[in-house]
2 protein chains.
Amino acid sequence: MITFSEENYLKAIFHLEKLHVKGVPTNAVAESMDTKASSSTDMIKRLSEKKLCVYKKYQGVKLSALGRSHAVNVIRKHRLWECFLVEKLDFSWDEVHEIAEQLEHIESEKLIDKLDEFLGYPKTDPHGDPIPDEQGNFSKIDKVLLLECGVDESGVFVGVRDSSPAFLQYLDKNNISLGVKIKVLHKEEFDQSVQIEVEGNEVTVSSKTASNIFIKL
Amino acid sequence: MITFSEENYLKAIFHLEKLHVKGVPTNAVAESMDTKASSSTDMIKRLSEKKLCVYKKYQGVKLSALGRSHAVNVIRKHRLWECFLVEKLDFSWDEVHEIAEQLEHIESEKLIDKLDEFLGYPKTDPHGDPIPDEQGNFSKIDKVLLLECGVDESGVFVGVRDSSPAFLQYLDKNNISLGVKIKVLHKEEFDQSVQIEVEGNEVTVSSKTASNIFIKL
DNA sequence: TAATATTTTTAGATTAGTCTAAAAAAGAAT
DNA sequence: ATTCTTTTTTAGACTAATCTAAAAATATTA
Ligand SMILES: [Mn+2]
Ligand SMILES: [Mn+2]
Ligand SMILES: [Mn+2]
Ligand SMILES: [Mn+2]
């Protein structure tokens, strides 16, 4: 039996492994989970006992195959529920994460299969993040950050890197929604801001914003 | 903050109050929750601290208005989710209770409102139990037990008293589903079994079965 | 390399929720 | 009214998940 808390730690470690390829520091886990270092050390020991991760003192933590498959399943559930909330219940994309944080822990294989079917087997969630299939495979989407695009290049807005409500609401306010075409008009040397054309309008976004927008060329 | 466990106890006490009008014995709570008497005493003390119930030693427990409104809200969520599972995800009525036991603890006012709307504001769940509205009001359905019906009386099957998977599957096997017309053909004096006509077929059900079927005359 | 700073672990405490075993209260029977 | 039985509460212990404070290991810098 895996507790909610354990699932949350597994998920955090899974995401952190992208940044810390050779073992995730216990401190990084603590920071991500918003707990103290001592708490994360304790939990990592428990996960290790349960063969969900590999841990050696002072060496950081890595998920085992078992732990990874659990983490991926939680992510699959999270993203499918986010789709459900947006597609079927008409929530906006900035409201769904918090609720999905709860729904992702509901345990029923059959429920998730049925939900997936009900939603028409979506490939991505409302923020453009890929939904792993039942086997845990993520389909790789090739996308680049708006900040990395050259002048005159254009593509489709396919995802966000930061999905905080504040950022999502800022995009809404500027009519920048998933699927729209974005063209780079100018890149300001001075502050790295990017002038873009979107839905017929010209908008200038900060480099911070441009570094959180994924484009498919 | 109310924990899952506290919500489950509130729900149990709510249901038990129908049987134990002048205070629910701590033992009855323990039995219903499948815990030991000492655990239920402990929990009832905690609920009492939080003003969710009124408790005096050896006097049994009663919900406060606050506790009752929490309990009713959990029941509302449970039953709406059961509707969702049956109506939208095509689950059968004997599979949904267990999953709804988990979903009933998801905390989001807005989610429940949207779900209610999505389902078309259902009045009853898949087992015929009433769904309280946002204010916590149950609409009273007048229904009688099949066992109490006289010969030649007929009505519509509107609910079950026992909603265990075993009983629900037994009903399925005999094509007795919610909404069908049932007519009492004969009542056997010897063992209280009841011969009924349902969907053109004649079926004889035991008194135990007849005491778990609600009919609207 | 030795001193200093940072990271990580350990020790000890706390809370929620559970248990077993024993004590106390209430209810029933003689 | 005593005694016996059943119900209820209390006492003490355990686990999961967290914390603070201190110790230990590792990393950085002079
Ligand atoms: Mn999310
Ligand atoms: Mn998402
Ligand atoms: Mn149910
Ligand atoms: Mn039900």
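To find a chain, count down the sequence lines: A is the first, B the second, and so on, and within it residues start at 1. Both backbone and side-chain heavy atoms feed into the values below; hydrogens, waters and symmetry mates do not.
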- Below 4.0 angstrom, N of the basic side chain to O of the carboxylate: do B/Lys110 and A/Glu95 qualify? yes

**Axial cation check for B/Phe91 ring with A/Lys114, 6.0 Å and 45° limits** = yes

From CD of A/Gln59 across to C1' of C/dT8 the rounded distance in Å is 11 Å

B/Trp81 and B/Phe84 aromatic ring geometry - parallel, tilted or perpendicular at 30°/60° bounds
perpendicular

From NZ of B/Lys45 across to C1' of C/dT18 the rounded distance in Å is 14 Å

Taken to the nearest whole Å, CD/B/Glu49 to P/C/dT15 is 13 Å

| Honestly, is B/Lys88 close enough over B/Phe118, meaning NZ or CZ under 6.0 Å from the six-membered ring centre and within 45° of the axis? | yes

Note to self: For a quick check of understanding: with a heavy-atom distance under 4.0 Å over all strands, which category does A/Ser38 fall into, base, sugar-phosphate or nothing?
What the structure shows: base

In the 5' to 3' direction, the nucleotides of DNA chain D bounding the stretch that comes under 4.0 Å of a heavy atom in chain B are D/dT7 to D/dT10

Here the distance between atom P of C/dA23 and atom OH of B/Tyr58, to the nearest Å, is 14 Å

Between the CG atom in A/Leu168 and the CG atom in A/Asp162, the distance rounded to the nearest 0.5 Å is 7.0 Å

note: B/Phe4, atom CZ; C/dT18, atom C1'; distance rounded to Å ~ 18 Å

Rounded to whole Å, the NZ-P distance (B/Lys50 to C/dT15) equals 13 Å

Worksheet item: So, B/Arg79 and B/Glu104, do they make that salt bridge, N to O below 4.0 Å?
Response: no

Per nearest nucleotide of DNA chain D, the residue lying toward the 5' end, A/Thr3 or A/Lys57, is A/Thr3

Residues of residues 25-37 of chain B with a heavy atom under 4.0 Å from any atom of DNA chain C, listed by number, are B/Thr35, B/Lys36

Requested in this report: Would you mind classifying the nucleic acid contact of B/Ser5 as base, sugar-phosphate or nothing, using non-hydrogen atoms under 4.0 angstrom?
Outcome: sugar-phosphate

message = Can you tell whether the side chains of B/Arg76 and B/Asp133 come within less than 4.0 Å, N to carboxylate O?
response = no

- Query: Does the pair A/Glu148/A/Lys143 count as a salt bridge with the N-to-O cut at 4.0 Å?
  - Reply: no

Does B/Lys77 pair with B/Glu107 as a salt bridge, N-O distance under 4.0 Å?
no

Just N and O in the side chain of B/Arg46: are any of them under 4.0 Å from OP1 or OP2 of C/dA16?
no

